[in-house]
Number of protein chains: 2
Amino acid sequence: MVKIQELVELTGTSESTIRRDLTQLEQGKFLKRVHGGAAKLQGKLQEPSMIEKSSKNLQQKQRIAKFASSLIEEGDSIYLDAGSTTFEMIPFLPNKDIVVVTNGIMHVNSLLEKGILTYMIGGYAKPKTKALIGRGALESLEQYYFDKCFLGVNGIHPEFGYTTPDQEEALIKQKAMKMARESFVLADRSKFSEVSFAKIGNINESMIITDDIEDETLNNFESKTSIKVVTS
Amino acid sequence: MVKIQELVELTGTSESTIRRDLTQLEQGKFLKRVHGGAAKLQGKLQEPSMIEKSSKNLQQKQRIAKFASSLIEEGDSIYLDAGSTTFEMIPFLPNKDIVVVTNGIMHVNSLLEKGILTYMIGGYAKPKTKALIGRGALESLEQYYFDKCFLGVNGIHPEFGYTTPDQEEALIKQKAMKMARESFVLADRSKFSEVSFAKIGNINESMIITDDIEDETLNNFESKTSIKVVTS
DNA sequence: ATTATATTTTGATTGAAATTGAAAGTTTTT
DNA sequence: AAAAACTTTCAATTTCAATCAAAATATAAT
């Protein structure tokens with residue numbers, strides 16, 4: 001990782017320029033901005049690990065997660081996607097008679113601890129996101145139908161739809177949406193107007209649950225799908 | 001576990017910062033705060049029944065597990081059954097080019113931490129044993145062939161074969177054996193001559209790995225299948 | 001080719017936000 | 001009761017994003 005001040009001294013240019021260049025490089029997925037400077041990416045496609053994600057915007061995530069959980073009704077069969085935001089839903093899940101299917105390795109234990117009837121799909125265990133993906137996962141998913149499906153994504157764009165860095169994971173999310181009567185995408189504001197590598201589906205295929213969003217952005221989306229903005 | 005003072009010296013930052021970072025990591029469920037520092041979270045995730053078993057005959061289990069691991073060769077595809085004895089195999093797994101398929105929910109994390117290529121089968125997550133079972137598990141299993149399969153059982157009997165209390169789990173173990181070229185049952189002496197409810201297979205369908213056994217018992221089995229008695 | 005006019009890039013400045021370290025007071029441990 | 005560890009609070013510092021004017025560059029017109 002490099003500090004911004006280092007770059008200033010090294011290049012002899014202003015802090016502003018360094019910042020601008022860094023944000024540009026970040027958009028091009030060449031590095032990641034961190035407080036005080038920038039760090040190199042882990043893999044080819046930028047993908048925050050479970051650890052990195054979990055500690056970020058925790059309160060917003062919990063607010064979103066809490067509302068999402070409130071949508072669940074007695075007797076529902078639920079798909080819970082791997083990922084940190086859906087993970088936060090677990091404490092808020094109703095103690096009703098529900099069934100949860102998940103591909104999140106971190107999720108299972110918490111679900112069981114909460115006494116919830118839980119199924120996992122099979123598949124390749126991806127170390128970074130702790131998600132089950134691949135052929136096995138896809139075939140497993142075909143065994144279940146869901147009333148509601150809760151997904152995390154990396155990008156939401158009015159034209160390009162829902163996206164995520166890993167193609168394989170996109171396939172899973174896609175299939176989960178297909179198998180569900182209703183889909184909900186959980187996303188904080190940072191995901192809006194972003195486009196990641198692999199497409200999951202069109203914007204109108206899911207309802208979006210978010211916590212706080214600019215009016216301008218909201219208008220862009222509202223005509224295309226329904227958005228629930230959670231305010232506490 | 002780490003002490004806060006250690007981290008202060010190690011990082012050269014203030015105590016306040018360390019504390020803040022630790023609480024953040026705790027919120028993200030990555031560790032547990034304890035008086036004086038922080039500890040790994042594994043303890044809490046392990047359910048009482050699992051802990052109970054784990055602490056019981058731990059040394060024997062580790063001895064058995066270590067030997068079982070030594071059987072694994074470069075390029076092997078392995079099935080690792082849920083259960084405490086097979087769990088102990090993980091630290092001893094060779095860092096070679098192997099693939100592991102498991103139905104043990106506790107096993108996945110450890111496998112990933114060790115950097116092993118891991119697949120899970122799907123299925124119903126049984127709270128008590130933290131195993132994936134049921135129709136989904138069975139169908140998932142059919143996707144894979146194994147070079148070696150390592151199982152835990154509850155009863156080993158020369159006439160009635162391998163048994164376990166849960167019929168569903170028996171089905172899984174059965175199928176895993178079918179899909180493997182070679183099977184290994186890991187069992188301490190307490191399992192011998194026991195018969196549990198659900199039959200997994202006949203005594204000659206697997207090799208038995210144990211640590212210490214009475215000569216009399218040994219004779220009963222030796223004619224029917226091969227037994228490896230591990231002595232350290 | 002030269003001048004005039006857009007466009008882009010740059011650097012400085014600003015107030016807001018995040019991070020830090022220290023201090024004061026409380027709880028827990030020994 | 002003393003010591004260590006904890007939480008809470010606050011002020012100082014650093015970093016951040018946004019804005020604006022100057023500089024540099026590109027484009028158009030003569």
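Order of the sequence lines fixes the chain letters, A, B, ..., with proteins taken first and strands second; residue numbering starts at 1 for each chain.
Two residues are said to be in side-chain contact when any heavy atoms from C-beta on lie closer than 4.5 Å; A:K114 and A:N95 meet this criterion.
To the nearest angstrom, P of D:dC6 lies 14 Å from NZ of B:K32. In this structure, the CD atom of A:Q24 is 15 Å from the P atom of D:dA17, given to the nearest Å. Regarding A:K3, its NZ atom lies at a distance of 12 Å from the P atom of C:dT20, rounded to whole Å. Atom NE2 of A:H35 is separated from atom C1' of D:dC16 by 7 Å (rounded to the nearest Å). Atom pair A:I4:CD1 and C:dA18:C1' shows a separation of 14 Å (rounding to whole Å applied).
With hydrogens and angles left out, the side-chain atoms of A:T163 and A:H157 include no donor and acceptor closer than 3.5 Å. Between the side chains of A:S84 and A:K61, at least one donor N or O lies within less than 3.5 Å of an accepting N or O. For the residue pair A:N154/A:Y162, the side-chain donor-acceptor check at 3.5 Å is not satisfied.
Applying the salt bridge (charged side-chain N to carboxylate O under 4.0 Å, His left out) test to residues at least two apart or on different chains, the pairs with a partner in residues 16-27 of chain B are B:E15-B:R19.
Judged by distance alone, with hydrogens and angles left aside, the side-chain atoms of A:K175 form no donor-acceptor pair with the main-chain N or O of A:E142 at under 3.5 Å.
Of all the residues in residues 5-22 of chain B, B:R19 reach under 4.0 Å from DNA chain D with at least one non-hydrogen atom.
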